[in-house]
Amino acid sequence: MMCRSKPTSLLLPLVFISAFCTHFSTRVSATPCPTERYRFAPRAPRAAEPQEFLDPTRPDFLLPQRPPSCSLPLLRHDFGDTYGRPPATAAYAPPPGCPAPWDRVVLDLSVACAGEQYDRIAAVWLDGAELLRTSTAEPSESGVFWRVRKDITRYAALLRREEGGVASMMLENIVNDVFTGVYHVNVSLDFYMKEEEPTPGLESQYHPQLMLRTSEGASLIPNKRILGESKPQLAQKLGLSSSEADISTGAKAKVPPLYREPADMIIPISSNDSQTGFWFRIQNESDVHFKRIQIPKNAYRAVLEIYVSYHSNDEFWYSNPPNSYIQQNNLTTERGNGSFREVYATIDGRFVGSIVPFPVIFTGGINPLFWEPVVAIGAFDLPSYNLDLTPFLGLLLDGRPHDLGIGVTDGIAFWLVDANLHLWLDSQSSYVTARLLRYQAPKISISRRSISHRLNGTFTIGAGRKSYFSGWVNSSIGNLTTDVNFKLKFKSLVGFTDNGNRKEVQMKAKLKTGVQIKEGPKAILAQGSYKFKYPLLIVSSTLPAENNTYRMTTNLSHILSEQTLVMLDRGRTYNSITDQQKADGWMLVQDHSVLAGSAATLQTYQYRDHTGFSYSRRVTAEDGLLLSDNSTMSSELSFQ
Ligand SMILES: *[C@@H]1O[C@H](CO)[C@@H](O)[C@H](O)[C@H]1NC(C)=O
Ligand SMILES: *[C@@H]1O[C@H](CO)[C@@H](O)[C@H](O)[C@H]1NC(C)=O
Ligand SMILES: *[C@@H]1O[C@H](CO)[C@@H](O)[C@H](O)[C@H]1NC(C)=O
Ligand SMILES: *[C@@H]1O[C@H](CO)[C@@H](O)[C@H](O)[C@H]1NC(C)=O
Ligand SMILES: *[C@@H]1O[C@H](CO)[C@@H](O)[C@H](O)[C@H]1NC(C)=O
Ligand SMILES: *[C@@H]1O[C@H](CO)[C@@H](O)[C@H](O)[C@H]1NC(C)=O
Ligand SMILES: *[C@@H]1O[C@H](CO)[C@@H](O)[C@H](O)[C@H]1NC(C)=O
Ligand SMILES: *[C@@H]1O[C@H](CO)[C@@H](O)[C@H](O)[C@H]1NC(C)=O
Ligand SMILES: *[C@@H]1O[C@H](CO)[C@@H](O)[C@H](O)[C@H]1NC(C)=O
Ligand SMILES: *[C@@H]1O[C@H](CO)[C@@H](O)[C@H](O)[C@H]1NC(C)=O
Ligand SMILES: CC(=O)N[C@H]1CO[C@H](CO)[C@@H](O)[C@@H]1O
């Protein structure tokens, strides 16, 4: 058994300086490194026709179904040999025919590629603020194509600026004799004006909370449409009298209507070196990146939205063994540092929040046959994570510059991370006053256990964190106190048996954020609870085969579960999403190329909300073909 680290000239891109596990047939076994990425060899079984890939992570109905009021082509680029080159750019100006304010704005990305290629990471920015983090499918000779539509209404502050801006997209790719796939990309923006008469019928069109998807919503964004004036009948169903329903329209609201709108200003917390993309490249745990910012004196609410992806030795961080295992066995892989990572933010060096990222698996990961043509959860639209920083406005509002920092606990090379600071400004006053009242951020508790004998080993990690922040902001809206409670629970097991030939990865992360907005010390005006759970299970066995190849059999199951509960006086909105994928199959691998194999993937998607509306979708794929795609909706009114 051998794992070699061998950055080859072929795979120069940073995205690819990965540990190579070559197998030496003279040794007993062919254990590949912890977890690997692969590509299809030319002789791999692939579809004969151009094939559409999909990421059925969110139901289409969450996006507007009507035609856009204006559609603006933003950027068109062929990403060929782009490694080490600056991002593609294009000028942006708001569409003349569709002036702000917009009801919704949707980013529409389409990509086509044919040939041989690894998966690649990509992002789209507007003036250094990230709008989308995405990755690519691995092409075939006959070609692959896909489309990503993402609601970007929350970036309206950037999109509506009269002076426009610069859009950019980075996708580092390598094209040579072996890797021939060029990614052809179109990005356009669809603008939807507010409709005088909301389209009757499908309730499902009115789930803006999902539009501000819960992983984008660890902040209090009450569901205006469900409770709003356009749906008085729903307000009644919810047991709200019409005057109570008014709380949601803002007319008599104690909670400011502004809380429901996209931010007034967005400050990118990103690299100022546009030549290498706007993301920070984090190489290790001490490589914390900063952006010096100064915020307007009348900001009354702040939410930091973090984008993150992990690459090279940390692409499969959740499956990395501890360094001791690697050293004791003289392995040359650099995929170590254990299986826990946390991305955290600081203000002037002080911890202000953290997340454990959802493990997005790129299309070449684990077994690429699993992700054809249904990609892994979030691979085309990686989730972003929100930290409510409103309690910290007391620190930021002194008119001086402050350093916002981002780092990765236990991280190894490399992570691509940046953030957007969403700020809401008081339109009635040129300044507000604020103060941090309570700050409780004890260190994360981590326990690690290792038992190993040669290549057999069991490594467990348990981690927990609780933090509590509270601060008031006095603005023309009132003197409101925001409490943010955060809890993290993390468990992981990475196990090797059969002399390292069988590997098991079990991970479970639970993140819970509670936000309360109070007037005075007691009167709660609104509260929200946002829960995320992501369990992951991977079991794989490896057997050496002829001609320096190995055969790997893998079972995988992963889930992204999100629950949001928002209470506004007596109004209550709730929704939950459970997105699950199960896959199993085998592949024959030589070096990093998949020569043959067979795999099946089942995806189930479930959505429920407080109105009794539910939606489920079930997609099955086998050996690269979509076998079925069924969805059902029901809108029975039931209150548990
Ligand atoms: C991009 O847009 C052009 C012009 O409409 C079209 O010809 C091309 O096929 C599009 N490419 C993709 C990948 O959608
Ligand atoms: C980017 O920021 C760093 C640190 O804040 C600074 O040293 C550097 O000069 C800046 N580079 C550009 C191109 O503005
Ligand atoms: C961490 O990464 C930074 C940036 O690449 C580098 O300067 C530093 O030496 C690294 N530190 C360690 C401990 O590897
Ligand atoms: C690792 O290498 C050291 C020094 O070469 C050697 O003493 C040791 O036996 C090796 N361990 C294993 C498990 O091969
Ligand atoms: C709170 O803010 C309001 C509106 O800006 C202002 O009129 C009032 O004086 C402030 N209260 C205090 C105690 O500063
Ligand atoms: C490793 O575990 C396997 C069973 O999974 C056992 O057969 C083998 O002897 C163990 N190897 C060592 C070196 O302990
Ligand atoms: C705002 O409320 C907090 C607690 O309720 C209080 O301590 C603070 O003095 C108030 N601020 C202003 C400006 O009134
Ligand atoms: C995968 O699951 C199947 C059936 O659930 C089981 O027979 C097989 O042993 C599993 N494979 C691995 C590598 O655990
Ligand atoms: C192994 O390689 C030899 C020589 O290239 C070839 O004849 C043989 O068919 C190969 N075996 C398999 C199973 O591919
Ligand atoms: C599910 O979808 C497949 C095709 O995608 C169709 O043939 C089948 O009838 C559907 N099954 C149900 C229960 O709707
Ligand atoms: C938990 C762990 O193994 N942490 C290590 C990660 O890597 C750095 C070096 O980059 C070590 O200093 C840590 O001890």
Side-chain angles (χ1 to χ4, degrees), residues 1-3 24 27-34 220 250 253-259 264 295-302 321-322 324-331 388-399 423-440 449-460 468-485 493-506 515-527 538-544 550-555:
M1 189 272 155
M2 269 299 160
C3 277
F24 287 75
R27 303 291 302 211
V28 250
S29 66
T31 307
C33 282
L220 201 57
K254 279 192 265 168
V255 175
L258 292 173
Y259 270 76
D264 299 304
I295 71 166
K297 287 184 177 166
N298 60 345
Y300 68 89
R301 179 169 184 242
S324 58
Y325 176 79
I326 295 170
Q327 282 150 14
Q328 277 158 23
N329 290 295
N330 294 339
L331 307 180
D388 196 324
L389 298 188
T390 308
F392 295 100
L393 282 173
L395 303 178
L396 295 171
L397 284 169
D398 59 3
L423 295 172
W424 284 258
L425 309 179
D426 191 344
S427 57
Q428 309 290 310
S429 172
S430 59
Y431 74 96
V432 303
T433 53
R435 183 156 196 173
L436 177 63
L437 286 176
R438 291 182 72 183
Y439 175 84
Q440 291 172 5
R449 293 185 63 190
S450 299
I451 304 166
S452 66
H453 186 235
R454 300 283 181 96
L455 286 163
N456 292 338
T458 303
F459 311 103
T460 55
Y468 173 63
F469 308 125
S470 177
W472 57 260
V473 180
N474 179 53
S475 70
S476 66
I477 294 154
N479 178 9
L480 304 185
T481 298
T482 302
D483 290 353
V484 178
N485 251 301
L493 178 148
V494 174
F496 298 93
T497 48
D498 191 14
N499 295 317
N501 283 314
R502 187 171 177 279
K503 179 174 183 181
E504 185 168 346
V505 174
Q506 283 180 40
V515 179
Q516 273 192 347
I517 297 175
K518 299 184 293 194
E519 194 173 28
K522 293 233 168 66
I524 297 173
L525 296 184
Q527 57 186 323
I538 306 170
V539 181
S540 48
S541 301
T542 307
L543 281 175
Y550 61 87
R551 187 187 150 107
M552 188 191 270
T553 309
T554 306
N555 290 352

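One-based numbering, in listed order, for ligands and for the atoms of each. Position 1 is the first residue of the sequence; numbering continues from there.
Inclusion of N474 in the set of residues having an N or O under 3.5 Å from an N or O of ligand 5 is warranted. On a distance-only criterion, T497 and ligand 6 share no N/O pair closer than 3.5 Å. The shortest N or O to N or O distance between D498 and ligand 6 is under 3.5 Å.
Residue-environment remark: NZ (K518) exceeds the threshold of 12 foreign heavy atoms within 6.0 Å.
Atoms of ligand 6 lying under 4.0 Å from at least one heavy atom of H453, given by number and element, are 12 (C), 13 (C), 14 (O). Every atom of ligand 6 is numbered from 1 in the order shown, and the set under 4.0 Å from a heavy atom of N499 is 1 (C), 8 (C), 10 (C), 11 (N), 12 (C), 13 (C).
Within the 3.5 Å criterion, the main-chain N or O of N499 finds a donor-acceptor partner in the side chain of N456. A donor-acceptor pair under 3.5 Å is absent between the side-chain atoms of N555 and the main chain of V539, judged by distance alone. Although no hydrogens or angles enter the test, the distance criterion places a donor-acceptor pair under 3.5 Å between the side chain of T390 and the main chain of A302.
For atom 2 (O) of ligand 6, the closest heavy atom belonging to the protein is N456 ND2, 2.3 Å. Given atom 7 (O) of ligand 7, the protein heavy atom at minimum distance is W472 NE1, 3.8 Å. The single protein non-hydrogen atom nearest to atom 1 (C) of ligand 7 is N479 ND2, 1.5 Å, given as residue, atom name and distance.
For F496 and Y325, the ring centers are positioned less than 6.0 Å apart.
In L455, neither the side chain nor the backbone holds a heavy atom less than 4.0 Å from any atom of ligand 6.
At a cut-off of 3.5 Å, with distance as the only test, a side-chain donor of S476 or D426 sits close to an acceptor on the other residue.
Protein heavy atoms are found inside the 4.0 Å sphere centred on atom 11 (N) of ligand 5.
Of all heavy-atom pairs between P391 and L436, the closest is O-CD1, 3.3 Å.
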